[in-house]
Each structure stands twice: as C-alpha cells, then as structure tokens.
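Data block below; observations after.
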Protein chains: 4
Amino acid sequence: MHHLFELILSAPQPVEEPVKQSKKQKKSNRKLHTFEEEFSTLEEAVKERRNYLENITEKKVLSELPYKDYPYEDVYQRCCENVIGYIPIPVGIAGPILLNNKEYYLPMATIEGALVASTSRGAKAITESGGCYATVIKDSITRAPLIKCPHLREAVSIKKYCETNLWDIQTIFNSTSNYAKLQNIKPIIAGKYLYLRFEATTGDAMGMNMIGKGVETAVMYILSNFPKSKLKSISGNVCVDKKASAMNWIEGRGKSVVCECVIKEDVVKKILKTTPDKLVELNYLKNMVGSSIAGTIGGNNAHASNIVSAMFLACGQDIAQIVESSHCMTLMEIANKKSNQKDLYISVTMPCLEVGTVGGGTHLQPQSAMLDLLGVKGSHKTDYGKHARKLAKIIASGVLAGELSLMSALSKNEHMIAHMKLNRK
Amino acid sequence: MHHLFELILSAPQPVEEPVKQSKKQKKSNRKLHTFEEEFSTLEEAVKERRNYLENITEKKVLSELPYKDYPYEDVYQRCCENVIGYIPIPVGIAGPILLNNKEYYLPMATIEGALVASTSRGAKAITESGGCYATVIKDSITRAPLIKCPHLREAVSIKKYCETNLWDIQTIFNSTSNYAKLQNIKPIIAGKYLYLRFEATTGDAMGMNMIGKGVETAVMYILSNFPKSKLKSISGNVCVDKKASAMNWIEGRGKSVVCECVIKEDVVKKILKTTPDKLVELNYLKNMVGSSIAGTIGGNNAHASNIVSAMFLACGQDIAQIVESSHCMTLMEIANKKSNQKDLYISVTMPCLEVGTVGGGTHLQPQSAMLDLLGVKGSHKTDYGKHARKLAKIIASGVLAGELSLMSALSKNEHMIAHMKLNRK
Amino acid sequence: MHHLFELILSAPQPVEEPVKQSKKQKKSNRKLHTFEEEFSTLEEAVKERRNYLENITEKKVLSELPYKDYPYEDVYQRCCENVIGYIPIPVGIAGPILLNNKEYYLPMATIEGALVASTSRGAKAITESGGCYATVIKDSITRAPLIKCPHLREAVSIKKYCETNLWDIQTIFNSTSNYAKLQNIKPIIAGKYLYLRFEATTGDAMGMNMIGKGVETAVMYILSNFPKSKLKSISGNVCVDKKASAMNWIEGRGKSVVCECVIKEDVVKKILKTTPDKLVELNYLKNMVGSSIAGTIGGNNAHASNIVSAMFLACGQDIAQIVESSHCMTLMEIANKKSNQKDLYISVTMPCLEVGTVGGGTHLQPQSAMLDLLGVKGSHKTDYGKHARKLAKIIASGVLAGELSLMSALSKNEHMIAHMKLNRK
Amino acid sequence: MHHLFELILSAPQPVEEPVKQSKKQKKSNRKLHTFEEEFSTLEEAVKERRNYLENITEKKVLSELPYKDYPYEDVYQRCCENVIGYIPIPVGIAGPILLNNKEYYLPMATIEGALVASTSRGAKAITESGGCYATVIKDSITRAPLIKCPHLREAVSIKKYCETNLWDIQTIFNSTSNYAKLQNIKPIIAGKYLYLRFEATTGDAMGMNMIGKGVETAVMYILSNFPKSKLKSISGNVCVDKKASAMNWIEGRGKSVVCECVIKEDVVKKILKTTPDKLVELNYLKNMVGSSIAGTIGGNNAHASNIVSAMFLACGQDIAQIVESSHCMTLMEIANKKSNQKDLYISVTMPCLEVGTVGGGTHLQPQSAMLDLLGVKGSHKTDYGKHARKLAKIIASGVLAGELSLMSALSKNEHMIAHMKLNRK
C-alpha cells in the first residue's frame, strides 16, 4: 500500500453528522467500503456491491465485468478498495530477444493491436544480429521532503549539516529497513525553503514505501537539531514521482539503464524492410529535431511508453509511474562502415525506470508468474536488487526492440506515399 | 489497431532464409504467431502457446496466469498478438462524486492500495460541498508529419500554401472519415524541414488512427504541388504522442479540460482533516515551487497520474498515453474569505487528456461496461464527441478528488511528525 | 522608456518622513536623482554626482570612468537615471557577409576576444560559398495580461468573447497607435485565471511599449462586458519577456527568422579547417544530443548568444532580451553528396529575435550609426517593419557565421588533443 | 580571450587562392584585421579602418561613433578585433542598498529608461526595512567535454574510472593553474557517448578559460587509459554555457546565490505604494502560475535579466552569459503576521550567476572602476574567490530590489485600470 495513503486510512474515521439529503442521495446511504465486513466471503461482498451499484445508478451494466474465481484475499486491504470485479488485459508474448547473451520472452499486457507483433519483429532483428547489451548505471529511488526554515541562514545550516553528517544520517536511515541503504542527500534551497532529495537503494523493491519510512525517521533526526525548522511535507515534488521532470531526466530515479545493439545491414533490410541510412536520418529528424522543437522532457524517442506500459502492467509494476519510467533517448548512427557495408548502431538511454520484483502488485499471482517467466520473481536470495535491475534491463531491451520496429515502419513513409499515389491513380 | 503498426503487418512477410542455429535456438523453430491458424478455437491456440512457451523456456510458471473463458475473438487480430492469457486488474469504485450536478461512480482499475479509498474521500468532500464543475475548453487530436524540403524557401511556400488553402485541405481531409474534422494546421519550420501539426476533432474516438488517415491524404494533396518536397514520416514527434512536451502542455491535445470546486471550510476540517490555509500553503510549496525547481513539464500536481491511469485502464483507454494525459496544474486558494470563514478553492487544469469512447480497447466488454456505468458507452447518437468529452470531464473530476485527498494527507505531515516524535520517546 | 516603469515614475512621489539615521547614513541625505535639477548643464550634474558618490563611499575610483563630451540630453529622462558617466564597449566589424545577395559588415560591440575574428571567418566561408539566405517567417511582439475571473465559467466566456469578437478588439487595439496591428489573441485558462496572449506587429519598433498601451485599452474594453473579472497585471509572464520559455520557443516572439546556407566542401576545408562530416557529427552530438541531455529550452546551438549580444549592444537593442532572442536551433547535414564531393548544409532557426530600429536605445547616435551602416536606420518610409525584419535577418546571418566558425574549431578537438599528446612527450 | 577561439586564431592562416571577384568585391581586397600592423598607433589604425569601411560600403555614417582617446592597447589582441570605435553605454547608480549590513551603490549600464530609478526604489524599501541578506551556496564553473566510446561498456568503465580516481584527476587538473580546483566530475552517459561535467572553483575569475585548460589536461590523462575512446569536443553542451537549461537550473553554475529580505508593511505601503497581500498574490499568479504555463526554465521571476544585464555590462562581465545568469526564482509570502500587521518576505534564488573580478573584460579601466566602487576589484589577496562571490551577492541584491519594485508597479494594475476607465469617461 502506498505509504502516503496509509496516513489517510490510518486516521480515525470521522463521526459523520447527518446531512440533509435529496431523495436520490438517500439511496446511497450504504457505505461502499463496508461490504466486506458484512459478508462471509470476499466474493459475496463483491457480488453484493455490484448489485448495490446497479441499483443505485439504475444501470444494469455490470454483467460484462468478470468477478468470479478471483483471489480477492490478495487484494483486500492491500491493492484495491470497493472492488466490483476485474478488468482482464490480454497478455501477448514478444520475442525471444537475446539480451546479455540470454534469450527472454517478453510478456506484454496490452490492448493496442500490433504492439506485440511489432516488438517481436524488433526483437528478431536484435537477436539475429547477435543480441543487445544492457547495463544499469545508477540504482536509487528518491524522496524529497520539504522543510520550511525560519530564514535562509538556517536553510544553509541544515544543508551543511546534511553534507557533513551524511554518515550519521545514513545509519539512522538504514536502521528503518533491512534493505534500504541511503546513498546520498541532495539539498536544494529556494529562499528559506529546503528540499532534501534523498537517494537510496531498496533491494528488489521499487522502494517508494521503504524510502518514505527512512526519510521520515532521518528528517526527524535532522530537525531535532533545528527546532525552528519544520517538515511541511514528506514530498515537495522534487522527488519527482509520477511527473515528467528534468530532475529525474538528469539525476536519474529508480534504475538508470542503457541498452545498445548493432544491427547488421542485411538484417535491417530483410527483417525491418528499411536501410540503416533511412533509420539514422529519421531518428535525427524525429527523435532529436522534432522532440527539441516540441520542448520535450525525456521524449527523445518514438514510443518507449508503449513497451514500458505493457510490460509494467504484465509484471505488477505501478503504471502511474510510466510517466517518467518511459523517459528515453533513442540514438542511432551508422556502424562498421565499409565500402560495401553499413550496419546500424542503436541505443536507448532510460534514466528513470522505476521497477521492483517485490512489493506493490508483484505478489499477485498472474503478475508474479510473469516475473517468474523472466527469471526475476521475488527478491534475489543473495544479491538484493539484482532481480529488479535485471527486470529494468529486460524492459529496456523491449524498448530497444520497439523503437527499432516502429522507426523502421515510419522510415518507409516516403515510399508508401509514393505507392499510394500510384494506386489511387 | 494502431494505424502505424498496420503498415508493419500488412507488409509482405519476408521469405526467411535458413539460419544456422544452436541447439537451444532450434527448439524455437515454431512461430509464436501462427498458433491461431493451427487450432480450431482461439482458446486452444492460447493453451498450446502456453505449453510451447513453458517447454522452450523450461519454466513451468504459467499455471497462475488465467486464460480460460476469455472472449479471444474480441482480441485476435485486433488488440493483442501471441496471447497466452490475461492479467486481471481489480476494479474499485470511488465516489459518488457530484459533477456538473450529476452523481458519478468512478471505476478505477488499480493495484495501488488506498488509491480508491483516497479518491473516494476527496469525492465525498467535493460532493458535500455542492459538487464540482468541469468543462472542455479545446477538443482536438493532433498528428504532425515531417516534410523535407529542398530548401528553406520551399518550406516557407508550403507553410503559406497550408495557411491560404486551409479550406481545400479541410475538404480533402474530412473526406477520409465520417467523423474527422480538420480544425487547423500549425506549420513549424526548422531550417528546410517542415512539421505540419494537424489538429482535428474525431467524434467520440480518441482519434489517432482517424487523423492518421486524414493526414496522409492531406499531405499527398499538399505535396502534389511541391514535388521536390518529401514526406519523411507521418509523425515527426511534434504531435506529441506518448511523450511529455511543452507543445501539448501549451497547445493542448485530445481534450483540454478544467475542473474546479469550492470546498467549504467545515468539510475540509471534517472530511479532509486539515485546513484550507494548510492546503493552500502546501499547494504553493509543492505543486508550484517544488515542481518549478524540478524543471517539470505538466507536473504541477501531486498525483494526477494515479487517477488517470486507473480510470484509463478501467475504461479501455490507451495507457501509454497517460504520460501526457496526466499533465495537470492544480491550483488552490482561499475563497469566500470572511471574518469567521475561509473556504478552499481548488482547480485542476488538464490540457491534454486523450480519451475516446469508441475505438481502441473500448469495444472489449468489461471496459465497455465501465463506460456504460458512466453513461458514455460508444458514440453519442447525435452530438458526435459528446461522450468522449464527458468522459474527459469525469476523469478530471476524479483527479480533482485525488489531488484534494492526497494533498490533505500530506499537509498534515508536520503534525504527524510531531506525533511520531512523541510516540518514539 | 519601459512602459511598465512609467507607471512607477509617474506615480506621485511619496512625502518622505524623517527617518532616524546613523552617522553614516546621514551623509546620503542628498537624492541621487535630483542633481540634474540643480545644475545648469547635464554634464555638470553628472560631474557633481560623481563627486558626491566618491565622497559618500569614501572611494576615489571614478577617474577611470569617462563622462565628458557625452550627449546627456539623449539619455536624461529617457534612457538612464542617476548617470555618472559611461562604459565604452569597443565595436569590431565582422564580415563582409553575403546575405540575400547583398554584402553586410556586421558591427559587434564586445569585450570577448576573438569573437569578431571568429564570426568573420564564418562570414568568409559563407560569402565564398555564394552567400546565405534568410527570411522572417513570423513577426509579432506579445503581451499577456493576467485576468482573475470569479469562476471558470466566466474565464471560458471571456475566452470565447475574445475569439468571436477579435475584429472589434482589433479596431480598439489598433486605434492606440499608428503602427500597432493586433494579429491574434491566444487565451490560456488555468482554473479561473485567464492569460490573454496578445500578438501584434508594431512597425519597426521592437514594440513592447506600443503593445502595452494597446493591451491596456483592449483589456478595458473586453472587461467592460465582464465587470466581475479583474485585470491583475498587464503581464502574467505568459508574454514571455526576458525569460527562457517553451512558449516563445514554440509560438515565436518578435521576429521568427530562419537563415540557411550551403558551404562548399573545399571552403569548409580551406577556411574552416575541418570537414563537413566532422561538423555534422559534432552538431548532432553537441547541439542535439548534449542539449537534450541538459534539458534546454532554445539551446540547440553552440553560442548564438555571443553574436546576438554583441550585435544587440552595437545596434541599441535591449540586451536584457538576449535571454530569448538567442534561442536558436542549429542544424547541419551533408548536402550535394556525390562520389567525390560532400558539401555542408547549415541552418539557424531563431523563433524569438526581439529587435527594432526605432524606439528603445536606437535614437542614441552611436547606435543609430550602426543601424545606418546596416541600412536599417529608423522606420522604413513605406513598408513599416521592413527595417526591423531586415535587422533580424542580418543578426541571424551573423549567428550562422558564428555557429559555423566555433563548431569548426571544436570539431578539431580530437586532432588537437592528439597533437598535444605528441608535443608534451 | 575565449579559450575556444584561441584555437581558431592560433591555427596557421590559409594560403588564400585567388578567387574570381565581381567589381564590387574587388574593393574589399584589403584585410580588415591587418590595419594595426600598418600604422604606428592603434588609434590611427582604427581611424583608417573607419575610412576604409565608409568607402567600401559607400556610407558616410561613422562620424557619430566615437573612437578617440580610447586605450586601444587594452583591447587589441585581447578583447575585440577589427575595431572601429566604441559604443558608450550610460552608467546610472542605484541604491544605496543595505546588504549583509553594508551599503552598496549599484552601477548599472543601461539604455532602458526608468530601470535605475525603479531599482533604486526597491533598494530604498530594502534598506529602510533593515537590509537584505545574501549568501553563496555553491561556487563552481563547469565544462563538459564529449567523449565517443567504442561501446556502452567502455563508457561505463570511464565513468567508473572517473569516480574512483577523482583524487588523481584532481591533482592533474589542479596542476594547470594556481587557482583552479576541481570539485567534482558528473559523468552522464547516452548510449556509447559520455559527457563528463567537470565542476571547479577558479578563484576570482569567472573561470571558463581556466577550467578549459584543466579539462583538456584531465581528459588527456583519463583517455590515456582508454585509447579507443576519443574526445570529440571540449564542450558537448552539457556545460551549459550561454544557453538556458535545466542542468544549470538544477546543478548550478558559477555562483549559486540566494538573497532574502523582510519588507515592513509600512515600507511596502509608503515606498512601494502597494500592499504585501497584493504582492504575494501577484507573485503567485505571475512568477509561479504564469511561468509554469509558459514552460519556462529559470524564468520564475519578473525581470531579473534587466538588472543582471545592466550590472554585467557595468562590471566587465560576459553579457552573453546573462541567458543563464538571470535564471531566478522570486518567492514572496506574508511574514510576521499579526492582528494588525503583515510584512512581506521576499527572496531571489539564482543558481547560475557566472561572474568574476579578474579576467574577461574586468581589466578594462572603466569596468574595473565599477568593481572598485563595489569593493571587489581584482583578485582577493588571501581568500581567492571572495571578490567574485561578493559581486554575485551584490548583483543578487540588485535583482531583489528590481523584483520588488516592478512587481509593486504591476500589482497596482487593477487600480490603475479602474482609474483609466474613470478618466476616459
């Protein structure tokens, strides 16, 4: 459960005073969230909530929403409230893709036609060229509490305190979890306000909850020396969670992954039906020039978001984080240039892929099975964090495949339009 | 199916030459995408693909991934390829929320605990304060083809041609669909390159496919007068699809929606457990100052992405588009200030909410049922586009509720930390 | 004089109450701005102010600051207050540069060594290649007043009013000046706030003052229909003046200019000492990839700001506007590729070059002489705006020359470092 | 002289081949840059160059451009080439302003009327409120060379090498100058490319040349271990020099300064003619909301650029750097709130103010006199860098004064417009 939301739910429920109600409103007297307490099984509660909702809205529309045979015990008080059933999202398999000398089949939960097929095509080109290589260059989740100081002088003092006492703060922070390790604190001052951007590794968890607890304890400790300064919010939007920002783009968040590959010219022609020259030109004009015109943050790519969202959904990740997790710079250039050959070099650089293999929705059985398929289920036994980093690399390889395939299709527009002209004559 | 991907699939399949294979690779000789042709039912094909995948990966992991009793005919050759089952995402109900004088129950497909409960709490505060008001201030999907001209002079000529012949181009464009109506073309020049950002309404469809067809035809028409200039790509990333960009933030994409509400002071205190003053201060320090420090695009909010992604998933929208659909500016200020009263004014401004009630995944029965619950299933009978705009307004109201609730929880951090200090003593 | 500052100065001066002063402060009893009233000549006033300043600060430092023989009557109550002399900035001449088939010598006021020489080198390469071509693709200065409405509904009403009554508003607006012509109003809504971005041509003036007056009158007219809405500020920072913003980058401000050139391969080698291939690669890696990594707005260039600031200073422009006037995208690619030849295509796209040839500091004689040298002194007699647009094109050509030259120098780093290694052995 | 430009000038001059010339071109056979070698005094060379320019352009326009009695020896081969005279920019004095308990008179070279007067008004309000406080929270200039590696693996290796061998690299780097001290290297990877952002203190120099030399030597040293990787450019635009970027906004460049002040309510009313409430509201709506709408980088202010550019010009700074040096976030809030009082808290946060008191144009006598007036002439005798940091603080205080004054004027628009309505009736 989201740590911030815990605060809401753990608060004592208000004693509700009677409110004057219109006739329509009267029907809604029953509380949507209390059904589970009234019925012997969770499924019965779900069923009854469906009935209640149909009655109160006077809409008989829920028959098409499946609800039977779902393990509600995995969800109740954990993943979702006021449940009325579930949305099934079909899972397709792309690949195999050869990544770091191993083949993977990529699970993608999506309702966008051709996305799986297209990614598969890219994966094939990669695999036939000898595979891609990916590596995680930074691993840290972040949280930036917001502190109000009495004046600038004290903000500077706290900044210096954090810099000179990092070791102590780490000890305090790390004591809040078996996995969380504080890496660094980046203090940012604006007038008399101080935003302390904590960076921590969190084992195989995505880590937002873990870091939240560590930050609270660490801030309490820090501020005990500065009683006039106050924590205004555990998050001051410098974190930056679920928003596009230059901060994450530059500093990284979650896993910073890079994946690259050289695609042989004949593979480009045979499988991708285009040429390295065309791809390089289009990547420049679309992903660099076009994106720069558009004033993008993290958007120097064709459709990283498609692959990230499909794999996030299949693997139990937090899909609200695809906003920044899909930040990606796709680069292409001619490689191995010789008189009679031009291969294609392609890379994707993704600085803020926020993933985990424990916590969040990863315990749900179907999602867990998908992690298992990728060999990254649960926490790594000895090298905490290895599963999550591997998952990040696999997703990046999927993005590489997706970029390759869509860019290839687009690079043929000129040719296609010429054909269309011909045909329509 | 995504129009761009169609190009890939409709291309003639390559005649595959034999490739030297290692023993491991040999096992994968079977094509993942041909199973449907070999079996009498789609479910049998799915079942067989699961077996095949388990064999080839030597991992018996798929038993937990459900696959039975799913209407694969809705998905096959339409929504997903190489299907092996489905991921069920639980759907919770938030609300009711009073929006434009009508109550709505918001379906949210999510695995983030407390999100539905939190949104419900915000909805309750809104409803008890007399409801919120939302309106769509712009409605247009966009596509920006990339054209390479021989020189700057011709790029300027085409720009002028588009401006002076907009009427003709509209006629051509609108002929490609019963619903698409070209509103405007925004030509952007960079050196000798021209990016033509087409804006069109597309009835109740999100409209990416529809506008794609119109753009192709319109560009063919335009370029017939400029034979030296060439379409390099139907998309030059000035569209901007599935990337965060100032272009969408400033110009809008899909529906540009604004939703506002005045929350009475006693409601703030009773339901949200905070005060208008605390909320206003935090909104300023977090959503304005913090987000500005972080160099955000579209991120002047607390967690719009959470609500947008849960409702997109429940309602059959394209979740890869939540990158920009969750762009949101949340504003708060004191309202109705009197000697003994301070209410809270709150608004969310969302310039690029890309939604539709036909096309994409909206035909899938469970998702369709959720649209039905909201009264926006399918195309509006007479006022094309009304359902999609209504859906946008409902989602914005959900975001308003979500912002209100999470910001309230965060605004109490100071208090909470004080308590923690107390307790841990 | 800046229109906004007029408001300050025209306000009645406060009746100053006696303030308790320390001994040190007592010395400063005299008002710095009243000297001109006390002396018969402006130069005497300047001289006396220098004495006064040296006395009060107890620093004899002003002898090196020239002040004699300056036409203070051009400055007094117009360009600068509390004058104590002047800073002489040396003016160098770059060029000639062949632009649109005419040769220009570019005046650059700068204290950055080698800037003039480097620009000259670029100009030479351009001129020897047959010259460059520049054109203004948009011409409009902007001002965006900020309006507070009672609620969202009224903000939408005013937006619609502006859109449907543009003709009337134009009439009102245009009546405030002989030169200002309102082109468009772009209304932007955030909650209940409305930012109306006015776009106008202003003849040969940069136009900030002119548009300011038009906007005030137009807003008064608009709001006379909406008495509950109030103008909060004549500028709400959506203008955007003297700040870097995606708004100007995307929409343009002042003159939007593009300048391009093909540099012959032998010229690249002979004059620029590099190769087209090296330049193209570096432009991609530095101005596109590097700038995207850095999260730039308007910074896809090497050093446009150097040339813009030197020419702005020489030509009496407002140097505080170089922030956005130096926004520039520099593109390079191989042109005229044949078996034995590769020329270089280069372009600079500058969407917000804010220049004028009347108003501001253009009446000062030295600056005016520089405009005269360029053939753009004062207002064009018949085609208002032609001089300002021409000045914009000339500056863009200077930027093209500057980009070409610095990029050439940088492209040889690899080679240079190799030499350094050699030499230091 | 700019280090990068040195490369250009030090290159052997090309043997120029005869080019076919039109009649007009023939006149320009003389080289503009050789006059100094032909005449006995520099002033004669300037005079002759003026004549030559008037002849060749057939424009008698230079009589108004002063050129006599200027110490050309300070400029020749150092600050400007092809000199034809100088542009005098009037210098006004704003202040006094009480900063860190000391009074300063601010020299501003400007041709924008009312700027000095307005800044003075703000300074008066600050001084009468007890003065402002400023501090430098970070001090480092940056340079980011661009390195091309054979593949991602090696880019990662070099990144790690830099991180683990920082001490050695510092020794090498610091050996290139008596003042430069390498603080940190921030390695950024994009595919196989590596941008190494060096951060260094450089005493009282702005430091671009100094860091350039250090970086070259350090990169040679680093790459001697990685012979397959190559320096492509000493600057890869991640520095970021003379461009607006989130990188500088977030990481800082030059001096990161913050300045704050509490303005007493009666001072706000008496001197600024407005109220703290009006200022706070306008600052929120203009500098935060408006700037966020506009998609700004570093533009959360009203007109910092005006003050920065005027003081840069007066003090011999590089005005091309005002692009990022004027990045500023202006914050306002109510302070000391009591039943009968509301003071105004205001701060300016400027993360990338690039200034120096030695090097660049600071040796020129008039500019040097202005530094002297501020007590920051030349290098500090013992605490290298103290003068430059002090200059940064003084400029920030000027920006604070400027923001206060213009915002006050704007905050009265509502009132003013009401008056205008009245008067025009």
Side-chain angles (χ1 to χ4, degrees), chain A residues 1 5 7-9 61 64-65 75 78-83 85-93 109 111 113-114 116-118 230-231 233-234 236-238 240 242-247 286 290-291 294-297 299 305-306 309 319-320 323 361 365-366 369 372-373 409-410 413-414 417, chain B residues 1 5 7-8 61 64-65 75 78-83 85-93 109 111 113-114 116-118 230-231 233-234 236-238 240 242-247 286 290-291 293-297 299 305-306 309 319-320 323 361 365-366 369 372-373 409-410 413-414 417:
Chain A
M1 187 187 302
F5 291 129
L7 306 174
I8 304 169
L9 297 188
V61 298
E64 304 288 1
L65 184 77
V75 164
R78 200 162 173 191
C79 281
C80 192
E81 299 82 45
N82 305 348
V83 178
Y86 63 84
I87 292 280
I89 305 287
V91 177
I93 287 291
I111 54 175
V116 173
S118 175
K230 287 180 183 170
L231 176 72
S233 170
I234 196 71
N237 270 19
V238 182
V240 185
K242 303 180 180 176
K243 270 90 71 179
S245 74
M247 181 63 78
K286 175 183 170 74
S291 289
T296 192
I297 288 286
S305 170
N306 269 331
S309 55
I319 60 162
V323 176
Q365 293 168 12
D372 210 0
L373 176 67
L410 289 171
N413 275 147
E414 189 181 331
I417 293 287
Chain B
M1 189 188 299
F5 291 129
L7 306 174
I8 304 169
V61 298
E64 304 289 0
L65 184 77
V75 164
R78 200 164 173 187
C79 282
C80 194
E81 299 81 46
N82 306 349
V83 177
Y86 62 84
I87 293 279
I89 306 286
V91 178
I93 287 291
I111 52 174
V116 172
S118 174
K230 287 179 182 167
L231 177 73
S233 170
I234 196 70
N237 271 19
V238 183
V240 186
K242 302 180 181 176
K243 270 89 72 180
S245 74
M247 181 63 77
K286 175 183 170 72
S291 289
I293 288 171
T296 191
I297 288 286
S305 170
N306 269 331
S309 55
I319 61 161
V323 177
Q365 292 169 12
D372 211 0
L373 176 67
L410 289 170
N413 274 147
E414 189 181 329
I417 293 287

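No experiment lies behind these values; they were computed from the predicted model shown. To find a chain, count down the sequence lines: A is the first, B the second, and so on, and within it residues start at 1. Both backbone and side-chain heavy atoms feed into the values below; hydrogens, waters and symmetry mates do not.
- With chain B as partner, the option from Ser291(A), Ala109(A), Ala244(A) having the largest number of non-hydrogen pairs under 4.5 angstrom is Ala244(A).
- The closest donor-acceptor contact from the side chain of Thr296(B) to the backbone of Ser245(A) lies at 3.5 Å or more, if one exists at all.
- Only the side chain of Val240(A) comes within less than 4.5 Å of a heavy atom in chain B; its backbone stays farther off.
- Of the two parts of Val75(B), only the side chain, counted from C-beta on, holds a non-hydrogen atom closer than 4.5 Å to a non-hydrogen atom of chain A.
- The side chain to side chain contact (heavy atoms under 4.5 Å, CB included) check on Ala320(A) picks up Lys242(A), Asp318(A), Ser305(B), Asn306(B), Ser309(B), with sequence neighbours excluded.
- Applying the side chain to side chain contact (heavy atoms under 4.5 Å, CB included) criterion to Ala369(B), with sequence neighbours excluded, gives Glu64(A).
- When the candidates Val323(B), Ile93(B), Val238(B), Val83(B) are compared by the number of heavy-atom contacts under 4.5 Å with chain A, Ile93(B) comes out ahead.
- From Ile87(A), atom CD1 reaches atom CD of Gln365(B) across 11.5 Å, with rounding to the nearest 0.5 Å.
- Of all heavy-atom pairs between Pro90(A) and Cys80(B), the closest is O-SG, 3.9 Å.
- No other option in Ile297(A), Asn82(A), Asp372(A) has as many heavy-atom pairs under 4.5 Å with chain B as Asn82(A).
- Each of Ile293(B), Ile319(B), Val116(B), Val91(B) has some count of heavy-atom pairs under 4.5 Å with chain A, and the biggest count is that of Val91(B).
- To the nearest 0.5 Å, the span separating CZ on Arg78(B) from CD1 on Ile111(A) amounts to 11.0 Å.
- One distance of note links CG of Asn237(B) with CG of Leu410(A); it measures 9.0 Å at 0.5 Å rounding.
- Counting heavy-atom pairs closer than 4.5 Å to chain B, the top residue among Ala294(A), Gly361(A), Ala246(A) is Ala294(A).
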